[in-house]
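Written out below as structure tokens is the structure these notes cover.
These numbers come from a predicted model, not from an experiment.
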Amino acid sequence: MATGSSSEEEELQLQIINFNYENVWVTWNASKYPGTNLTFFYKLTSDDEYGQCPDYVHREGHTAGCLLQAVEDEILHFHIWNGTQLLLSRAHWTSSYLKPSSPKDLAFQWHNEAVTVTCSDLLYKDLLYEMQYKSLFDTEWQSAEENTCNVTIRELDAEKCYLFRARVKTEEPSYGPDTYPSDWSGVTHLQRGELRDSCVEEKLFPKLILISGVVAIVTLCLLLLSLWKIYRVKKLLMPSVPDPKFTFPGLFDSHQGNFQEWIKDTQNVAHVNKEEGVEQEYVLEEALVVQLAKAEGEMPTMTISALCPRTGEEEDSGNPSQHSCQPPQASKVVSLGGFTFVTSDNSYVML
């Protein structure tokens with residue numbers, strides 16, 4: 001049973017929550033009545049008469065709700081007054097606004113790539129126990145539900161670290177659409193059937209990085225080897241052609257590639273090759289042979305006049321004794337290319 005207009009209820013924004021059959025929280029928004037303390041009167045099915053709220057909830061110094069004790073499912077009758085004006089009168093089953101408590105003391109049992117999560121069931125029935133889980137590689141939670149707190153999750157990877165959390169929901173056919181799910185339990189971390197403080201990503205990260213690094217290095221080596229092989233094959237099949245610019249200096253700079261014009265300017269210029277010059281010098285040295293004659297029999301017959309030419313005065317006198325040139329004494333005669341040289345023991349000829 002309910003009295004009061006729906007417009008007043010919307011303005012008050014009434015909210016009722018039954019916290020696990022332990023206490024009921026009724027709150028309202030009194031923004032339409034600023035500076036006013038609204039009063040709350042209620043009674044449960046077990047009560048004989050109405051009583052005022054024993055524990056008000058205050059917001060900005062004014063009443064904004066009431067906290068009641070309720071240990072079982074009962075009908076809550078209440079009135080909200082603004083002084084002597086009745087603003088709202090309602091009667092609801094407290095179970096219609098039930099919010100179960102969070103699951104506690106979760107236990108995990110790992111077996112055959114599956115894990116079974118258990119906990120103590122709540123004292124009332126028609127509840128759903130929801131377990132959510134995900135690994136570090138999942139972006140969204142995955143869910144599994146059972147009517148009791150005994151939920152088995154299958155197809156798990158033992159090498160991965162999983163996060164688990166649980167909550168309790170009511171079944172709508174039994175409690176209606178206005179109930180609330182419980183808060184989530186604390187997140188539990190599990191890997192290889194063992195509880196962990198956290199799922200640290202670095203535990204799986206190095207293995208992935210190692211494999212990726214090896215694959216990258218092998219790929220790079222194969223790529224470099226392929227490029228080297230291609231270069232060798234290309235060089236073998238298509239050898240590089242020398243640039244004529246360096247073989248024919250001035251052909252392209254001065255004559256724009258006109259070979260006939262270039263040969264006219266360079267046909268009388270002999271470029272001496274260093275190796276050819278060395279070879280010519282070697283031939284020249286072989287051609288010059290020095291012949292030494294120590295004995296007079298080995299020396300060709302020469303006249304004194306041939307070795308010592310006379311002057312004009314000596315020829316007029318006709319006296320050979322007066323000739324000052326004497327034949328060489330104990331000397332050596334050197335013949336080179338039609339020329340004759342007389343050397344002593346301590347002399348030499350420089351060519």
> Other than L225, which residues form its hydrophobic cluster under the rule that side-chain heavy atoms must be closer than 4.5 Å?
Replying inline: W228
> SG/C161 to NZ/K134 distance, rounded to the nearest 0.5 angstrom?
Replying inline: 12.0 Å
>> Run the side-chain contact (heavy atoms from CB on, under 4.5 Å) test against K99 and tell me which residues pass, sequence neighbours left out.
In response: I17, F19, Y180, D183
>> Within the 4.5 Å heavy-atom criterion, are L128 and T170 side-chain neighbours or not?
In response: no
> So N150 and E146, side chain to side chain contact (heavy atoms under 4.5 Å, CB included) or not? Walk me through it.
Replying inline: CA-CA 7 Å; N150 191 326; E146 293 291 346; over 6 Å; no
> Does Y124 have any ring pair (Phe, Tyr, Trp, His ring centres under 6.0 Å) partners at least two apart in sequence or in another chain, and if so, which?
Replying inline: Y21
> When rounded to the nearest 0.5 angstrom, what distance separates CD1 in I80 from CZ in R90?
Replying inline: 9.0 Å
> Would a 4.5 Å heavy-atom cut-off, applied to side chains only, mark N147 and L127 as touching?
Replying inline: no
> Going only through I, L, V, M, F, W and Y residues with side-chain contacts under 4.5 Å, is there a path from L195 to V151?
Replying inline: yes
> What are the two closest non-hydrogen atoms of H62 and G35, and how far apart are they?
Replying inline: NE2-CA, 3.2 Å
> For V71, which residues count as a side-chain contact (heavy atoms from CB on, under 4.5 Å) partner, sequence neighbours excluded?
Replying inline: none
> ring pair (Phe, Tyr, Trp, His ring centres under 6.0 Å) with Y97: which residues, sequence neighbours excluded?
Replying inline: H92
>> Is the shortest side-chain heavy-atom distance between L163 and T188 below 4.5 Å?
In response: no
> What do you reckon, are the aromatic ring centroids of Y162 and H189 less than 6.0 Å apart?
Replying inline: no
> If you measure from OG1 on T39 to CG on N82, what distance do you get to the nearest 0.5 Å?
Replying inline: 8.0 Å
>> Under the criterion side chain to side chain contact (heavy atoms under 4.5 Å, CB included), I'd like the reasoning laid out for L68 against W25: C-alpha separation, chi angles, the key distance, then a yes or no.
In response: CA-CA 6 Å; L68 308 173; W25 192 2; over 6 Å; no
>> What verdict does the salt bridge (charged side-chain N to carboxylate O under 4.0 Å, His left out) test give for K43 and E49, after you've listed the backbone C-alpha separation in whole Å, the side-chain angles of each residue and the deciding distance to 0.1 Å?
In response: CA-CA 6 Å; K43 78 169 185 174; E49 56 185 22; over 6 Å; no
>> How long is the straight-line distance from CD1 of I75 back to CG of L44, given to the nearest 0.5 Å?
In response: 10.0 Å
> Taking C-beta and beyond as the side chain, do D157 and S135 meet within less than 4.5 Å on heavy atoms?
Replying inline: no
> Between V218 and L210, is there a shared hydrophobic cluster once you connect ILVMFWY residues whose side-chain heavy atoms come closer than 4.5 Å?
Replying inline: yes
> Roughly how far, to the nearest 0.5 Å, is CG of L190 from CG of L106?
Replying inline: 11.5 Å
> Short question: side chain of T63, backbone of L38 - any donor-acceptor pair under 3.5 Å?
Replying inline: yes
>> Donor-acceptor check, side chain of T179 to backbone of Y175, threshold 3.5 angstrom: yes or no?
In response: no
>> Return the CZ to CG distance between R192 and L156, rounded to the nearest 0.5 Å.
In response: 14.0 Å
>> Does anything in residues 54-71 form a salt bridge (charged side-chain N to carboxylate O under 4.0 Å, His left out)? List the pairs, not counting sequence neighbours.
In response: none
> Are any non-hydrogen side-chain atoms of V168 and P103 less than 4.5 angstrom apart?
Replying inline: yes
>> What I'd like to find out is whether the side chain of L67 reaches to under 4.5 Å of the side chain of Y56, using heavy atoms alone.
In response: no
> Among pairs that include at least one residue of residues 67-78, which meet salt bridge (charged side-chain N to carboxylate O under 4.0 Å, His left out), considering only residues two or more places apart or in two chains?
Replying inline: none
> What is the minimum heavy-atom distance between A158 and Q191, and which atoms define it?
Replying inline: O-CG, 3.9 Å
>> Around atom CG of L223, are there more than 12 heavy atoms from other residues, nucleotides or ligands closer than 6.0 Å?
In response: yes
>> Main chain of P100, side chain of N20: is a donor-acceptor contact present, judged purely on distance under 3.5 Å?
In response: no
> Can you list the residues that meet the ring pair (Phe, Tyr, Trp, His ring centres under 6.0 Å) rule with F78, with sequence neighbours excluded?
Replying inline: F40
>> Does anything in residues 121-130 form a salt bridge (charged side-chain N to carboxylate O under 4.0 Å, His left out)? List the pairs, not counting sequence neighbours.
In response: E130-R167, E130-K169
> Aromatic rings Y50 and H79: how do their planes relate, parallel, tilted or perpendicular, breaks at 30° and 60°?
Replying inline: tilted
> Does Y231 sit in a hydrophobic cluster with other residues, and if so which ones, taking ILVMFWY side chains as linked at heavy-atom separations under 4.5 Å, directly or through other members?
Replying inline: none
Side-chain donor-acceptor contacts of residues 108-118 below 3.5 Å, not counting sequence neighbours, with atom names and distances?
residue	atom	partner	partner atom	Å
H111	NE2	T116	OG1	2.9
T116	OG1	T152	OG1	3.0

>> My understanding is that only residues two or more places apart in sequence, or in another chain, count here; which of them pass side-chain hydrogen bond (donor to acceptor under 3.5 Å, both in side chains) with E171?
In response: none
>> Side chains of S120 and D105, heavy atoms from C-beta outward: is any pair under 4.5 Å?
In response: no
>> Hydrogens and angles aside, do Y42 and H77 bring a side-chain donor and acceptor to less than 3.5 Å of each other?
In response: no
> Taking the side chain as C-beta and beyond, is there a heavy-atom pair between V24 and L76 under 4.5 Å?
Replying inline: yes
